[in-house]
**Q** 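My structure is below; once you've seen it, I'll send some questions.
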2 protein chains.
Amino acid sequence: MTQDGRRLRGLRSREAILEQAVALASVEGLDGLSLGRLAAATGTSKSGFFAHWRDKEQLQLDAVEWAVRQWADRVVAPAMAAPAGVRRLFALHEARLRFYDEGVLPGGCFFFTVQAEFDDRPGLVRDRVARAMREWQEFIRRHVAQAVAQGELAESVDPAQLAYEIDALGEMVVVHSRLHDGPVSLVHARRAVLQRLRALCPDPTLLPED
Amino acid sequence: MTQDGRRLRGLRSREAILEQAVALASVEGLDGLSLGRLAAATGTSKSGFFAHWRDKEQLQLDAVEWAVRQWADRVVAPAMAAPAGVRRLFALHEARLRFYDEGVLPGGCFFFTVQAEFDDRPGLVRDRVARAMREWQEFIRRHVAQAVAQGELAESVDPAQLAYEIDALGEMVVVHSRLHDGPVSLVHARRAVLQRLRALCPDPTLLPED
DNA sequence: TACATTAACGACCGATCGGTTGTATATCTG
DNA sequence: CAGATATACAACCGATCGGTCGTTAATGTA
């Protein structure tokens, strides 16, 4: 099971296809994305996919996996540079907004599109997406709880409640910025969370003023 | 142009089809919804649609129009019973949450699904949806401004900023409640806006405590 | 009554969908 | 080297897509 020569090439094209799949799915969704168009976009043939994936659902599942890794690399990892507590929590929010602002994915956010697509449709893809979103929510919640434990957020704070607010305010940027406000929604989303955190933080100097 | 007999029947079935279209589109989107399935759901024939609409896009545009009217009837109108100011603003938020909670539409929210579907796709449908969302945002903004003018919200409040927050916190209930939290997200969304408004309101007794 | 209009339908069209099959070939493994 | 394995492809399949056409019957209008 060494990874060189033929097998390495397979892995490379596999990764390239998944990257394209995630990018296209951020625009058209995982189901809206057709194998024919994906083949055209990657410069391969449609039937070649079935050497890598049993069917479309398997490709969709791997695309979700790829998007989770991308999110970990491009959003979570950079935020970890900030010191634990309320600063890291806000860094997480800012890293997400930067991800949207930089246009890493043509559709803005893979997970936003895919959530809206699969929230009503049972199946393996829905389950995988739900797990990813639950883990992300839980991740924010843990950071809130840690900030509370460090005394950087008021003890009255309900972690699940605040995590919902931070996530909702960040996520709705995707559609607002694309459909009406443009970059203004980024400012709104940033300021909303910033002021919320400052109001709950005994030492507001930990956070920027604006 | 009298409306009886044949023409009335036409109008009736037209409305019935649009109602079904909005309901189905709240789940599968306006494009994901196929004419064949819509025909089956309404008990009519596919080709019969083209007596009412030139093509699918025209039906989609009318479906958006129908959904706007439904939103006005089921969310906006009931909230108008509350006295103008911060109470009406919160009533608007609660009416929206009630709309989701009651399961009026099988997919939760027509506009959420359709926004996610069309935010990246140019065309008449996108433009119509964008206008509807802009008007809704503007509607909330005006109510915030009025509450400020009445002295029921602090003068430091930026109406566009607060409108974004209220809308985002309300909208994300749709996917959160369906994908992970269930009814808990309704509590989070309600409490988030309530506490935010109470903090900004010189007379918090205008609003419920919890 | 005569005629245009409208609602509604079944049959059918080309295009595209996800997926199958058979084949050619390059690469690993014994 | 020999045989199993893996990559990739063109050709093709039935199903479904949005949409057209021709027809029938009920209705509105002159």
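Because the structure is a prediction, the values reported are computed rather than measured. No hydrogens, no waters, no symmetry mates; every other heavy atom, side chains included, goes into these values. Chain letters run A, B, ... following the sequence lines, proteins first and then strands; every chain starts at 1.
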**Q** When you measure from the side chain of Q60(B) to the backbone N and O of L30(B), does any donor-acceptor pair fall under 3.5 Å?
**A** yes
**Q** Are R96(A) and D167(A) ion-paired here, with the side-chain N under 4.0 Å from a carboxylate O?
**A**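 Looking at R96(A) and D167(A), the cut-off is met.
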**Q** Without decimals, in angstroms, what is the distance between I17(B) CD1 and dA7(C) P?
**A** 10 Å
**Q** For the pair R134(B) and D181(A), find out whether any cationic side-chain nitrogen is under 4.0 Å from an anionic carboxylate oxygen.
**A** no
**Q** Check E28(A) with R37(A), please: is the shortest side-chain N to carboxylate O separation under 4.0 Å?
**A** yes
**Q** Starting at atom CD of Q58(B), determine the distance to atom C1' of dG18(D), rounded to an integer number of angstrom.
**A** 15 Å
**Q** Between R54(A) (CZ) and dT20(C) (P), how many Å, whole number?
**A** 11 Å
**Q** Once you round it to whole Å, what is the distance between P of dG18(D) and CH2 of W53(B)?
**A**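 Taking atom P of dG18(D) as the reference, CH2 of W53(B) is at 14 Å.
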**Q** Could you tell me whether R128(B) and D62(B) make a salt bridge, using a distance below 4.0 angstrom between a side-chain N and a carboxylate O?
**A**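 Result for this pair is no, no salt bridge flagged.
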**Q** Name all stems that contain residues of DNA chain C, defined as runs of 3 or more consecutive Watson-Crick or G-U wobble pairs, both distances under 3.5 Å.
**A**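 Paired runs of 3+ in DNA chain C: C:1-30 with D:1-30.
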**Q** What integer distance in Å separates D55(A):CG from dG19(C):P?
**A**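 Between P of dG19(C) and CG of D55(A): 5 Å.
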**Q** Starting from P on dA6(D), measure out to CZ on F49(A) and report it in whole angstrom.
**A** 19 Å
**Q** Can you list, by residue number, the residues of residues 20-47 of chain A that have a non-hydrogen atom closer than 4.0 angstrom to DNA chain D?
**A**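 Listed by number, they are T44(A), S45(A), S47(A).
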**Q** Which word best sums up how the rings of H188(B) and Y164(A) line up, parallel for under 30°, tilted for 30 to 60°, or perpendicular for over 60°?
**A**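 Ring orientation, 0 to 90° scale: tilted.
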**Q** If you only use heavy atoms from C-beta on, which nucleotide in dA8(C), dT20(C), dG19(D) is closest to the side chain of K56(B)?
**A**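 Taking heavy atoms from C-beta onward, the closest nucleotide is dG19(D).
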**Q** Is any side-chain N or O of H52(B) closer than 4.0 Å to OP1 or OP2 of dT6(C)?
**A**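 Answer no for this pair, as no side-chain N or O of H52(B) is under 4.0 Å from OP1 or OP2.
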**Q** Are any of the side-chain nitrogens in R126(B) or D119(B) under 4.0 Å away from the carboxylate oxygens of its partner?
**A** no
**Q** Would you call R121(B)-D31(B) a salt bridge at under 4.0 Å N-O?
**A** yes
**Q** Please tabulate, one pair per line, all N/O donor-acceptor pairs under 3.5 Å involving side-chain atoms of residues 66-87 of chain A, not counting sequence neighbours.
**A**
| from | atom 1 | to | atom 2 | distance (Å) |
| --- | --- | --- | --- | --- |
| W66(A) | NE1 | E15(A) | OE1 | 3.2 |

